[in-house]
Amino acid sequence: MITGAGAGLAAAVTAGYAGRDDVERWWWRVSGRERPRTDGALDHAGAEWVAASSANWRRASRPDDYGVDRIVIHVVQGSYGDALRVFRDPLHEAAAHYVVRKDGHIAQTVRELDVAFHSGNRPFNERSVGIEHEGYVDRPAGFTDAMYTASARLAADICARYGIPVDRTHIVAHSEVPGTDHTDPGPHWDWDRYLRLVREGAAS
């Protein structure tokens, strides 16, 4: 353990590196070179825009400030409407970028440019896109053909945009995010099927 003056120096060095990191990541704001954006514009064709509360995400300019190399798969433990309701609640302090309904309909709630608070891990939030799914981890019948197909098409689109490999290292369960206490999407999520559909979508 470092104590006294040594601890102070270490803290100052750490703060210096953190400060430099912040400056490098925020250059696009102070330089006036922020990427043009239209709030509510869709990143995935065919989705419906349903804005999450601004308390549940952070404005960014990805991938210019944070590289995107992960997709995190979630299950809401409730309905599509439940997910949209809590994402609009500023006290919820969480939202994913997308919500997929059982019939395959997709809502986008946060722009991919921005950091959604969806994984419970700040570095993972900064590097990932979160896809929420209607349903429950212990009810496999809720994971419908339409849901798998629509979600896989969305994931393939995201992978193509950011050059994300279609594998289990880069498309992960919420339960696999370091430090999380969540269990979704649970043991009934068919990963082999899902990745096959994502690969088919990427090839089409």
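Quick caveat, the model's predicted, so the values are computed rather than measured.
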Exercise. Does the pair Ile71 and Val198 meet the rule for a side chain to side chain contact (heavy atoms under 4.5 Å, CB included), with working shown?
Worked result: CA-CA 12 Å; Ile71 295 172; Val198 177; over 6 Å; no
Problem set entry | Same apolar cluster: Phe143 and Tyr80, side chain cutoff 4.5 Å | no
Problem set entry | Taking every non-hydrogen atom, the tightest pair across Glu132 and Phe87 | OE1-CZ, 3.7 Å
For this session: Without swapping roles, check the side chain of Asp43 against the backbone of Glu112 for a donor-acceptor pair under 3.5 Å.
Result: yes
Problem set entry | ILVMFWY network linking Trp189 to Leu154, side-chain heavy atoms under 4.5 angstrom | yes
Problem set entry | Rounded distance [0.5 Å steps], CG in Leu197 versus CG in Asp192 | 11.0 Å
Exercise. Among Val177, Val172, Thr180, which one satisfies side chain to side chain contact (heavy atoms under 4.5 Å, CB included) with Ser119?
Worked result: Val177
Problem set entry | Point-to-point distance, once rounded to the nearest 0.5 Å, from OG of Ser128 to CZ of Arg62 | 6.5 Å
Exercise. Can Trp49 be reached from Leu113 by stepping across I, L, V, M, F, W or Y side chains whose heavy atoms are under 4.5 Å apart?
Worked result: no
Exercise. If you take all heavy atoms of His188 and Pro140, which pair is closest and at what distance?
Worked result: CB-CB, 3.5 Å
For this session: Check Ala202 against Ala156 and note the closest heavy-atom contact, atom names and distance.
Result: N-CB, 3.5 Å
For this session: Check the pair Val76 / Val99 against side chain to side chain contact (heavy atoms under 4.5 Å, CB included), numbers first and verdict last.
Result: CA-CA 9 Å; Val76 72; Val99 184; over 6 Å; no
Exercise. Hey, does Arg70 have a side-chain heavy atom less than 4.5 Å from the side chain of Thr169?
Worked result: yes
Seminar exercise, completed: Distance col, row Asp167:CG vs Arg199:CZ, nearest 0.5 angstrom, shows 7.5 Å
Exercise. Between Asp69 and His170, which heavy-atom pair has the shortest distance, and what is it?
Worked result: O-CD2, 3.3 Å
Exercise. Should Val137 and Val86 be counted in the same cluster of Ile, Leu, Val, Met, Phe, Trp and Tyr side chains packed under 4.5 Å apart?
Worked result: no
Exercise. Is there a side-chain contact between Pro185 and His133, using heavy atoms and a 4.5 Å cut-off?
Worked result: no
Exercise. Under the side chain to side chain contact (heavy atoms under 4.5 Å, CB included) criterion, do Arg58 and Glu126 qualify, and how do the steps go?
Worked result: CA-CA 9 Å; Arg58 186 173 81 246; Glu126 291 169 343; 2.9 Å; yes
For this session: Look up atom CD in Gln108 and atom CD1 in Ile131, then write down how far apart they are to the nearest 0.5 Å.
Result: 10.5 Å
Problem set entry | Check: Glu48/His105 side-chain N/O donor and acceptor closer than 3.5 Å | yes
Exercise. Are side-chain N/O atoms of Asp184 and Gln77 paired as donor and acceptor at under 3.5 Å?
Worked result: no
For this session: Give a yes or no answer on whether the side chain of Ser79 reaches the backbone of Asp82 with a donor-acceptor pair at less than 3.5 Å.
Result: yes
For this session: Tell me, please, which residues at least two apart from Asp114 pass salt bridge (charged side-chain N to carboxylate O under 4.0 Å, His left out).
Result: Arg37
Exercise. Partners of Asp103 by salt bridge (charged side-chain N to carboxylate O under 4.0 Å, His left out), sequence neighbours excluded?
Worked result: Arg101
Exercise. Are the side chain of Tyr98 and the backbone N or O of Val129 linked by a donor-acceptor pair below 3.5 Å?
Worked result: no
For this session: Walk me through it: do Arg193 and Asp145 pass the test salt bridge (Lys or Arg N to Asp or Glu O under 4.0 Å)?
Result: CA-CA 10 Å; Arg193 177 186 184 185; Asp145 292 344; 2.4 Å; yes
Exercise. Do side-chain atoms of His97 reach the backbone of Gly130 as a donor and acceptor pair under 3.5 angstrom?
Worked result: yes
Exercise. How long is the gap from OG on Ser175 to CD1 on Ile73, to the nearest 0.5 Å?
Worked result: 11.0 Å
For this session: May I ask whether Tyr148 and Leu195 are part of the same hydrophobic cluster, defined by side-chain heavy atoms of I, L, V, M, F, W, Y residues being less than 4.5 angstrom apart, directly or through others?
Result: yes
For this session: Just jot down the salt bridge (charged side-chain N to carboxylate O under 4.0 Å, His left out) partners of Asp138, sequence neighbours excluded, or say none.
Result: none
For this session: Please check if the side chain of Arg111 supplies one atom and the backbone of Thr38 the other of a donor-acceptor pair under 3.5 Å.
Result: yes
For this session: Specify the closest pair of heavy atoms between Val72 and Ala173, including all atoms of both residues, with the distance to one decimal.
Result: CG1-C, 4.2 Å
Exercise. Does Arg161 pair with Asp157 as a salt bridge, N-O distance under 4.0 Å?
Worked result: yes
Problem set entry | Charged tip of Arg127 within 45° of Phe124 ring normal and under 6.0 Å | yes
Problem set entry | More than 12 heavy atoms of other groups within 6.0 Å of Glu200 CD | yes
Problem set entry | Verdict with reasoning, Trp57 to Thr109, per side chain to side chain contact (heavy atoms under 4.5 Å, CB included) | CA-CA 10 Å; Trp57 55 273; Thr109 68; over 6 Å; no
Exercise. Nearest heavy-atom pair of Ile171 and Pro165: which atoms, and what distance?
Worked result: CG1-O, 4.4 Å
